[in-house]
Amino acid sequence: MGEKFSDEPTRLAETIVPLFGRQAGEFVPVSSSNGDRVELTTGADAQDDCAVFRLVGSHDLVVGSDYVRGPKFRLYEMGHLDEYDLGYYLVAANLSDIAAMGAKPIGLLSVVRYPTDMDDALFGFVMKGIRDACAAFGCLNVGGDIGGAERLILSASALGVCPAGSALLRSGAKPGDVVCLTAPTGPAGAAMAYLRAGSTDPAIESVLPSLLASWKRPVARVNEGLVLGASGAVTSCQDTSDGLKATLESIAELSGVGMVVDEEAVPVPEAVAAVGTHVGVDPLGLVMGDSVDFELVFTIPRSRADELAESIDFHRIGVVTAAREVVLARPDGSRTALPGKAWRHQSGDRRP
């Protein structure tokens, strides 16, 4: 079968509508015992200019946007990611921000701009990645924009809701709070470090698929975020998409506090440690550095941590202090700056 290149209205009718149809019936209303309710009344299948949600009661609307490089992803250029993976990643990146606010995702608006040499099949591959990721995280792609561009461009806006006044912010950490992490970080950064090094190691090759999964099938911690928000105990929260070090420093700065991170409490996956040894980098630097992992860092009063641990798994990696510095407590009793390179936007081409 030859390549097929359709115009925008045809791709909307033949690809978008079949993939994202019947949304009003598929949307699971968000409701609470006090009568608050959110319903989708008009979705992408209606082909209107906008989706329509009906909100009954008192809610806060949580909105975030994130842009993905498309074919400028380094791992895509190296052949380790395909167009489906890029679509999937776009959704996870956006819903991770909603999760970090403790909100329930209710919709995603995706922008997919494509070059003239992208045929219908490849365009559909991108959209299937978006659809499947939305399904994995319990959210619908309710609209957005498609059309031509000089290359593949992917961007999205995610919508979420939470009870009024309950959104989790970065700015509420208090001295004495425990600093927690939902799961180990570092696999994404380790995959990049290993592949950029250009030299192979049989032991690492065997675990490379698990490291690449951080890019190909990233997990937005939506369920964990909902538990954190519903607990009423979490004082601050942020995802680690800019790296664990950057996240810890951001929460501390915005909260006007400091942190002491216990080196022995920070989980270091074996595969990440192996990569660190292979490329001559401190494994803790990979864990703390600019690894694009979508985990959640949150703070909670010590008295409430055990109660929360009955609902979700997490690692307790440090404590919030009044002294406004973020340091690493070494096993020998010394304290140093956190290792690794914290991601700073516009500081260079760190993204894959």
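The first residue in the sequence is number 1, and the count goes up from there. The analysis underlying the following values was restricted to heavy atoms, covering all of them including side chains, and did not include hydrogens, waters or symmetry mates.
- The two residues Cys180 and Ile300 have their closest heavy-atom pair at SG-CG2, 4.0 Å.
- When the side-chain contact (heavy atoms from CB on, under 4.5 Å) test is applied to Ala133, the partners found at least two apart in sequence or on another chain are Tyr88, Val91, Phe137.
- Thr42 and Asp48 are not linked by any side-chain donor-acceptor pair at a separation below 3.5 angstrom, with hydrogens and angles left out of the test.
- Closest approach of Pro339 to Lys245, counting heavy atoms only: O-CD, 3.5 Å.
- The same ILVMFWY cluster, assembled from side-chain heavy atoms under 4.5 Å apart, contains both Met118 and Leu12.
- Side-chain contact check for Leu95 versus Cys134: every heavy-atom pair is 4.5 Å or farther apart.
- The environment of Arg37 atom CZ is dense: over 12 non-hydrogen atoms of other residues, nucleotides or ligands sit within 6.0 angstrom.
- Looking at residues two or more places apart in sequence or on another chain, you find a salt bridge (Lys or Arg N to Asp or Glu O under 4.0 Å) between Arg316 and Asp306.
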Does the pair Leu86 and Val126 meet the rule for a side-chain contact (heavy atoms from CB on, under 4.5 Å), with working shown?
CA-CA 7 Å; Leu86 297 182; Val126 176; 5.9 Å; no
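- Atom CD1 of Ile98 is separated from atom NZ of Lys104 by 12.0 Å, given to the nearest 0.5 angstrom.
- Summarising the geometry of Trp215 relative to Ala188, their closest heavy-atom pair is NE1-O, 3.2 Å, with the distance given to 0.1 Å.
- A salt bridge (charged side-chain N to carboxylate O under 4.0 Å, His left out) check over residues 109-127, counting only residues at least two apart or in different chains, returns the pairs Arg11-Asp120, Arg113-Asp145.
- A salt bridge (charged side-chain N to carboxylate O under 4.0 Å, His left out) check over residues 156-170, counting only residues at least two apart or in different chains, returns nothing.
- In this structure, Leu254 is not a member of the same hydrophobic cluster as Val179, with clusters built from ILVMFWY side-chain heavy atoms closer than 4.5 Å.
- One N or O on the side chain of Thr185 and one on the backbone of Val287 form a donor-acceptor pair closer than 3.5 Å.
- For Ser206 (side chain) and Ala203 (main-chain N/O), a donor-acceptor pair under 3.5 Å exists by modelled atom type.
- From Ser241, atom OG reaches atom CG of Asp66 across 7.0 Å, with rounding to the nearest 0.5 Å.
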Walk me through whether Tyr67 and Ile153 qualify under side-chain contact (heavy atoms from CB on, under 4.5 Å).
CA-CA 8 Å; Tyr67 158 74; Ile153 298 172; 3.8 Å; yes
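- Applying the side-chain contact (heavy atoms from CB on, under 4.5 Å) rule to Arg330 yields the partners Glu263, Leu284, Leu328, Asp332, Ser334, Thr336; only residues at least two apart in sequence or on another chain are considered.
- Thr182 contributes atom OG1, which lies 3.5 Å from atom CD of Glu295 (distance to the nearest 0.5 angstrom).
- For Asp85 and Lys216, the salt-bridge test passes: some basic side-chain N is under 4.0 Å from an acidic carboxylate O.
- Connection of Val327 to Val257 is not established within any shared hydrophobic cluster, with ILVMFWY side chains joined at heavy-atom distances below 4.5 Å, either directly or through further cluster members.
- Atom CD of Glu77 is surrounded by more than 12 heavy atoms from other residues, nucleotides or ligands within 6.0 Å.
- With a 4.5 Å cut-off on side-chain heavy atoms, Ile251 and Met259 count as touching.
- Evaluation of the side-chain hydrogen bond (donor to acceptor under 3.5 Å, both in side chains) rule for Asp7 yields Thr10 as partners, not counting sequence neighbours.
- Taken together through direct or relayed side-chain contacts under 4.5 Å among Ile, Leu, Val, Met, Phe, Trp and Tyr, Leu19 and Leu154 form part of one hydrophobic cluster.
- Asp242 contributes atom CG, which lies 11.0 Å from atom OG of Ser291 (distance to the nearest 0.5 angstrom).
- Put simply, the side chain of Asp239 reaches to within 4.5 Å of the side chain of Leu296, judged on heavy atoms.
- The OG1 atom of Thr200 lies 11.0 Å from the CG atom of Leu195; values are rounded to the nearest 0.5 Å.
- Sorted by first and then second residue, the ring pair (Phe, Tyr, Trp, His ring centres under 6.0 Å) pairs with a member in residues 28-51 form an empty list; sequence neighbours excluded.
- Ring pair Phe294/Tyr89: centre-to-centre distance below 6.0 Å.
- Looking only at side-chain heavy atoms (C-beta outward), Asp293 and Pro187 come within less than 4.5 Å of each other.
- Between Leu338 and Leu244 there is no side-chain heavy-atom pair separated by less than 4.5 Å.
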Assess whether side-chain contact (heavy atoms from CB on, under 4.5 Å) is satisfied between Met192 and Leu75, documenting all intermediate values.
CA-CA 8 Å; Met192 281 297 302; Leu75 292 180; 3.4 Å; yes
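- Annotation: side-chain contact (heavy atoms from CB on, under 4.5 Å) contacts of Ala156 (sequence neighbours excluded): Leu90, Asn94, Leu108.
- The shortest heavy-atom contact between Ala220 and Ala92 is CB-O, 3.7 Å.
- The heavy-atom pair separating Val142 from Phe53 by the smallest distance is CG1-CZ, 4.2 Å.
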Test side-chain contact (heavy atoms from CB on, under 4.5 Å) on Thr299 and Val178 and set out the steps.
CA-CA 5 Å; Thr299 57; Val178 180; over 6 Å; no
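- Under the 4.5 Å side-chain criterion, counting only non-hydrogen atoms from C-beta, Ile106 is not in contact with Leu40.
- Atom CG of Asp49 has 12 or fewer heavy atoms from other residues, nucleotides or ligands within 6.0 Å.
- Partners of His80 under the ring-ring contact (aromatic ring centres under 6.0 Å, His included) rule, at least two apart in sequence or in another chain, do not exist in this structure.
- Applying the ring pair (Phe, Tyr, Trp, His ring centres under 6.0 Å) test to pairs two or more places apart or on separate chains, none has a residue in residues 238-268.
- Applying the 6.0 Å contact sphere to CD of Glu270 captures no more than 12 heavy atoms from other residues, nucleotides or ligands.
- Under the 4.5 Å side-chain criterion, counting only non-hydrogen atoms from C-beta, Glu83 is in contact with Tyr76.
- When all heavy atoms of Asp36 and Gly57 are compared, the pair lying nearest together is OD1-CA, 3.2 Å.
- By the 4.5 Å heavy-atom criterion applied to side chains, Val227 and Asn223 are not counted as neighbours.
- The side-chain contact (heavy atoms from CB on, under 4.5 Å) search around Val319 returns Val260, Arg302, Thr321, not counting sequence neighbours.
- Ser157 places no side-chain N or O within donor-acceptor distance of the main-chain N or O of Leu109, the cut-off being under 3.5 Å.
- Using a 4.5 Å cut-off between side-chain heavy atoms of Ile, Leu, Val, Met, Phe, Trp and Tyr, with links allowed through other members, Leu168 and Leu61 fall into different hydrophobic clusters.
- Residue pairs meeting the ring pair (Phe, Tyr, Trp, His ring centres under 6.0 Å) criterion with at least one partner in residues 172-211, sequence neighbours excluded, are Tyr194-His278.
- In this structure, the separation between CZ on Arg131 and CZ on Phe20 is 7.0 Å, given to the nearest 0.5 Å.
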